Every structure is written in C-alpha cells, then in structure tokens.
Protein chains: 2
Amino acid sequence: MRDILGIQKQLLPDLLETMKKRYTILHYIRVSGLVGRRTLAGSLNTTERIMRGEVDFLKEQGLLEVEASGIRISETGRLLLEQIEPLVKDLFGLTELQEQLRLHYNLKQVVVVPGDSDVSAHTKKELGLVGASILRKHITQDEVIAVTGGSTMAEVANHLSPSTALKGCIFVPARGGLGESVELQANTIASTMAKKTGARYRLFHVPDQLGEEAYQSLLQDGSILEIIAFIRNARIVIHGMGEAMLMARRRRVDAATTAILQQDGALAEAFGYYFDRRGIILHKMPTVGLRIEDIQEMDCVIGVAGGKSKGEAIAAVLQFGHEDILVTDEAAAIEMVQNLHLGRHSLS
Amino acid sequence: MRDILGIQKQLLPDLLETMKKRYTILHYIRVSGLVGRRTLAGSLNTTERIMRGEVDFLKEQGLLEVEASGIRISETGRLLLEQIEPLVKDLFGLTELQEQLRLHYNLKQVVVVPGDSDVSAHTKKELGLVGASILRKHITQDEVIAVTGGSTMAEVANHLSPSTALKGCIFVPARGGLGESVELQANTIASTMAKKTGARYRLFHVPDQLGEEAYQSLLQDGSILEIIAFIRNARIVIHGMGEAMLMARRRRVDAATTAILQQDGALAEAFGYYFDRRGIILHKMPTVGLRIEDIQEMDCVIGVAGGKSKGEAIAAVLQFGHEDILVTDEAAAIEMVQNLHLGRHSLS
DNA sequence: AAGCGATGGACGTTAATTGTCCCAGTACTA
DNA sequence: TAGTACTGGGACAATTAACGTCCATCGCTT
C-alpha cells in the first residue's frame, strides 16, 4: 500500500500534496457540518478563489453537497473519508516527522522515506533514490560536488542517471582515504557517480595511515593541491553518516584513539569527523580534504542516512548545525524525534 | 491495492490521467529504445510542445536519459516501469475494455467499474455511484429525466445527492407499471431520485395488466396525458437492463407470451421492451410511456447494468443501437468483449 | 563531407488560474 | 418580524502558466 504511493510519487510528485489538500478540505467540512467557502478558506489559510476551485471539483466528484446555505459533506464523501483516513494518517505521519526535524534543526529540507534501512534493503534503496533526486535538483550548473563513502552513498550513486545538466560537473571525494573497503570508499563513489551521470571526477590517492611528516610532504604535491582546490570550490557536498564506534572499528582506527573516542562519548561520524551528542567535534581522521570551515561555507550540505540504529548518530551530526538537507528513513526519524522530546523533558 | 486506486480515482482523477500519460510515454520509449521527441509526439498523437514538457519532467525525475541523439529510458525508469505496470494494467485494463465497447457499439462514453455485480454488492454500489455521477454531469438545465426500475437503478438513486443544478429537474418513470416489486418500480425510483436531489417528480399510476379497451380509455385520462407529454419532452433517459427470461418471470408475464419470447430467442429486456441477440425488438410490455421513436430522438440514453450473467443481455440492447452511454462492470464487459470476438470469428 | 534527425532555446499567442467584487439568497437572532 | 451576518455563484480584470512554432546547433549515419 505504501509502496504504491512511492511508485506514483515518481510519476506524480505533487500527488501527495494534492491528496492532502483535498483530504484536509473534506475532513474540515465533515467536522464543521455546514460551512461557508470563505470561512473554509480562512481556516485552511488559502484564498477564497482557490478554495472555490477545490470545492467545485469535490462537488463535481459528488463528495460534497453545496447549497445556498453552505457546504456539507455528502454520503459518498463521508464514505471516502473513512476509507482514506488510515492512509492519510500514515502519510502525514511522515510529513509531520519531516516538519518536526526541519524546524528543530533549522534545516532547509527534510525527506523521510517509509521503512527502516536496518531491516529492509529496499528502504535503503529508496534512501538512495531520494538522495539522488535531491542532488540532481540542487545542481544548477557546472560545479564541483564533494561526496563521501559508505553504503548509503553507494546507493545514491546507483540511482543517479545521465543528464546533460550534470555533464559539466566534477565529482570529488570529500576527504582522502578513510580506511573503508574499496567499494565503499569516497573515491569509488565519486567515480561511480561520475560514470553514471556522464560527468568527470577526480580521485584522492592518499595512503590510509599518515604520519605527520608524510602529511606535510603530501600537501606539497601538485595533484593533491589541485584536488584540494577543487574541494574548496565545491558548492555542494553530499555525505553519509554513521555510528562513531562502528565506523572506528570498520576503519581500523588504532586502539588508543578508539579508547579516547569511547571515553569522550563519541556518537557519530561524518566526512571523517567524530561528533559527540552535542554535535561537538572530538576527533578528525588524519587525512586531507574538506575542512570544517569549508563545510560552513557550503551552499548545500546534504546528509543521507537511515536505520533505527543510526538515529542518535544522525541527531548528533545535525546538532553540529551545518546541515542543509537531510534524507533519512522513518525508523531513524522516529528515533530522533523521540530523543528530541526526551531532551525537552530533561531540560524542563 | 485496488481500493487505494479507487480512492484516488475519486479524489484525484485528473492526476491519474497524467499518470497514465506519463506511463504511456515511458513505456513507449522503453519499447522504442532510442527515439526522438517529434516521433514520440506523432506516435502518441500529441503535440511536440506537450511531449517536450513531459519529457523534460521525466528527465528531471531521472526516469529518462536524453542526449543529442535522442531519448532513451534510464535504469531507474525501467525499474519504475516494472513496478508500476500491474498498477496501470489494473487501472487501464478497464479503459481498454471501455474503448473496445465504445468503438464497437459507437457509443459516446463507456465506463467500466472493476468487479462483478453478480458476486459483490460493492460493485453494484459502484455502478450506482458512477451512474449517478454521469447523470449529474449530463444535466445541463431544468429538464425532464426519464428513469426505469430495477435494482441497479435503485442503486443509482441512492447515490444521487442534492445540487442546485438539479433543483429544477423533474424525474418521471419511463413507462407505466411493469409488474416489478414496489421498491424496484420505476415510480419508486423516480421519486427517490427526486427526493435525493431536491428535484420534483411525477408518477405513473397504471394498473399492471391492461386490456385493450382499458388501455384506450387510459389514454384519454388527463393526468396520464400530462405525464406522457413530460416523457416525450425528456432529453435524458437512464435505464437498467436485464435478462429477458428472468425479467419475464419476475414480472409475471403470462405463460403464452413467455413461450413466444423463449421461442424467438429473447435475450434482453430494457424499458419494457424485449430484444433478441441482434437487438431486434420482439415484444413490448402492454403499458404506456416511452416509445421506441422517443428513444431514438433522445439526446442522452444512459444504460446502467453489470454482472457477468448480464453480459449477453447488455450486448443485445447495445446492438439495438440507440444507447449513448453505457455504465457496466468488469465482468460484464469482459463477457461482452469475448462474445464480440467470437462473433468476428464466426463471420470470417 | 553532407544530410538527416536530434535537442534546446526563444518568443509571441493562447488558455487557464487567480484575486476581487458584487448580488441574490438563506439562516439565525434580537 | 426585521435585521444581520452569513452563504454560493456570477463576472471580470490581471496575472501566470501552457502551448505552438520556428530556428540554431549538435551528433550520428551514409
């Protein structure tokens, strides 16, 4: 039932919006009993004329009865409302989550897809699909797009498709090697994205574990300098997020650092930085690339991550406060919103 | 799955139409492989500009890849197409039936609702719903609407709702008493419709079995003459259809007539007339009201009937050739289309 | 190399949507 | 019973979106 809507949304993006609008009107009229057009328009804060169009439509469909004394719901309309109620409740649950997260973390946009990436691979795919579509929408011209690694980003890459608008873009890894397995490395993701879209890409060839001297000498290298310049020019970055300790283990962070992270309460990891619950950076992976100050100046920071287990981590990264757009799934969103409420309680 | 589509059909029929359009385009492109915009427009008979809008949209959604050499479907698009196929088939298998019937019988409009009225009462309700909505759409001003009896028409009456546009109308029974039970008599239906819509009505008080002299004297009666005049003025008639022998039995037609009907191959009954397979009238019930020549002059003859068992009967009435609009269900439509094909075979 | 068919841009025209009043009713109240 | 505060529907200008049409440029094939 839900997936039908997901499918339709691709062909009719404003389907849900229209459905919601008409449902709301119908619902309001049922509750009100007999109500006037202008009153309706006022209550649902839209204009009289638009409300008139909708009412005309709903009347035409036989869902409303409109008399000189006002508008009331018809028997058919009442029946429809009963049938559609569970569906709408389900749907608006998601939009409600979106709004709550958007407002609380002051984001430009939040998209919550139904399901739990921890449980269903399909949900993760949808995360990728939505992530790809959002990325596509925010690319305005030839520009540099910084990406990170991870399985979610790999999924985003999978769902990109060629487009002339993207032809002039350049995908670059946000930071150097972070010890991921090859297929989940930022390098791989960037090249996949470029291949899928027909764009170009640059790779970061940086050894995983880097000593200080090596680091400094690397910064003298021409090709490294060039790609760093690219990254600094990026207007868009799209990245995954993960649980701190899980990522540390996966990236074979040394025992000492891991212990410190654990001790300091590291919760989340994103583009090579580790965050605690308050969104404060505890540690950065020893590699080159995107810096914190670069992120702050980005026009468009897109975070994509889902799964109930990642809820807290995502919240921590959002707390950091430099995200613009979040793409997540229902399970993670619910987790985040619950913690958000708990937080309020503990403060009061 | 089906009910969600049913809901959407009521709440956003316009969006479903665009969904179909976009699906058709996507489908066509998948089949064609690489195809040009103008070729597309020609094949799907729309204009180049409109096709361009749609292609732009689908490209934006990442469902198409458009290059200088033409348009092809993307991986995402192919996936979507697979997912949406059953849904569309469900939705438009019916439209295909509609089109076949409409073209073969040269009708203005055919609506096929999903299901089988023989099996499900819900399907019959939907038949009524659609019938009512079509009736509503075809009423332009204050006018006379002739109706017949039967359970389907009762359902239509149930789903009518008040409307100022209908206030000035007058519902009249198409023909006098036809021996139906009270709640299914045309008289009852006409009065129900009038009450539901806030319109007026006239009744036909005619004894069931009528001798010739009685018939003649009845034609002198003032009130009878008045209502007959009304009927002759009707621009719209909405009627049910039934199986001939079933109707004869239900209406207690005398044994001799029944035998003749059976012998002559009576298949269908509508507004008191009995038809054979070729749509030729075999017999008319001895009562007053709507005549064949009246039907021929009507602007809008709406037939409503469904159920697999009625398929043949409906086909016979359509063969008669004076219907404008048909509302039926999936089971009956399939039955009719199959017979239609059989007919072709036997001719070749 | 030339020709055909492709997309994408440009722009005037047309159609639809929308904002805004007003009018003729209806229901409720004083 | 008279008045008031609503109601839907009609009308119309203004704005906006959609559409038709033409042309430039690009890519592939012959």
Side-chain angles (χ1 to χ4, degrees), chain A residues 12-14 17-18 21-22 25-26 28-29 32-74 77 136 139-142 161-168 197-198, chain B residues 12-15 17-18 21-22 25 28-29 32-74 77 136 139-142 161-168 197-198:
Chain A
L12 315 158
D14 47 1
E17 227 170 298
T18 312
K21 184 172 62 180
R22 289 181 183 163
I25 296 172
L26 219 51
Y28 193 95
I29 294 177
S32 303
L34 186 62
V35 65
R37 188 212 306 153
R38 279 177 270 265
T39 312
L40 258 173
S43 304
L44 302 177
N45 64 274
T46 172
T47 68
E48 177 192 339
R49 197 60 182 75
I50 286 181
M51 184 54 71
R52 190 164 165 180
E54 291 301 328
V55 166
D56 280 353
F57 168 83
L58 292 170
K59 182 182 68 175
E60 207 60 33
Q61 293 298 113
L63 303 174
L64 294 180
E65 296 173 3
V66 29
E67 307 160 25
S69 56
I71 306 166
R72 74 175 78 241
I73 197 164
S74 77
R136 185 174 24 242
I139 294 172
T140 53
Q141 50 189 334
D142 298 357
S161 51
S163 150
T164 47
L166 296 182
K167 282 266 164 63
T197 55
Chain B
L12 10 105
D14 43 345
L15 286 192
E17 216 165 303
T18 70
K21 186 171 60 180
R22 289 175 182 167
I25 296 172
Y28 192 94
I29 294 176
S32 303
L34 185 64
V35 64
R37 189 211 304 155
R38 278 179 268 269
T39 313
L40 259 173
S43 304
L44 303 176
N45 64 274
T46 173
T47 68
E48 178 192 339
R49 194 61 182 75
I50 287 181
M51 186 53 71
R52 189 166 164 180
E54 292 302 328
V55 166
D56 280 353
F57 168 83
L58 292 170
K59 183 182 68 177
E60 208 59 33
Q61 293 296 112
L63 303 173
L64 294 180
E65 297 172 5
V66 29
E67 307 159 25
S69 56
I71 306 167
R72 75 176 77 241
I73 197 164
S74 78
R136 188 178 16 246
I139 293 172
T140 51
Q141 50 190 333
D142 299 356
S161 51
S163 150
T164 48
L166 297 181
K167 281 266 166 60
T197 55

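Only a predicted model underlies this, so the values are computations on that prediction, with no experimental measurement involved. All chains are named by letter (A, B, ...) in the order of the sequence lines, taking the proteins before the strands, and each is independently numbered beginning at 1.
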Between the base of [N] and the side chain of [X], is there a donor and acceptor pair under 3.5 angstrom?
X: A/R52; N: C/dT17; result: no
X: A/R37; N: D/dG9; result: yes
X: A/R38; N: D/dG8; result: yes

Residue A/A68, side-chain atoms from C-beta onward, closest of C/dA10, C/dT26, C/dT7: C/dT26
Report yes if some heavy atom in the side chain of [X] is under 4.5 Å from a heavy atom in the side chain of [Y]; otherwise report no.
X: A/I29; Y: A/L64; answer: yes
X: B/Q61; Y: A/R136; answer: no
X: A/L58; Y: A/I25; answer: yes
X: B/R52; Y: B/T47; answer: no

Could you check how far [atom1] of [X] sits from [atom2] of [N], rounded to whole Å?
X: B/R72; N: D/dG27; atom1: CZ; atom2: C1'; answer: 13 Å
X: A/L34; N: C/dC28; atom1: CG; atom2: P; answer: 9 Å
X: B/L58; N: C/dT7; atom1: CG; atom2: C1'; answer: 16 Å
X: A/E65; N: D/dG9; atom1: CD; atom2: P; answer: 13 Å
X: A/L64; N: D/dG8; atom1: CG; atom2: C1'; answer: 13 Å
X: B/I50; N: C/dT13; atom1: CD1; atom2: C1'; answer: 15 Å
X: B/I29; N: C/dA6; atom1: CD1; atom2: P; answer: 13 Å
X: B/R49; N: C/dC11; atom1: CZ; atom2: P; answer: 14 Å

5' precedence on DNA chain D between B/E48 and A/T39 (nearest-nucleotide basis):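 The residue mapped nearer the 5' terminus is A/T39.
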Under 4.0 angstrom between B/K59 side-chain N/O and C/dG8 OP1 or OP2: yes
A/S69 vs B/D56, nearer the 5' end of DNA chain C by closest nucleotide: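 This one resolves to B/D56.
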Ion pair A/E65/A/K59, N-O distance below 4.0 Å: no
Sugar-phosphate, base or nothing in reach of A/V35, heavy atoms under 4.0 Å: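 The residue A/V35 makes sugar-phosphate contact but no base contact.
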Sugar-phosphate only, base, or nothing, as touched by A/I71 at under 4.0 Å among non-hydrogen atoms: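 Sugar-phosphate: the residue A/I71, judged by heavy atoms under 4.0 Å, touches backbone atoms but no base.
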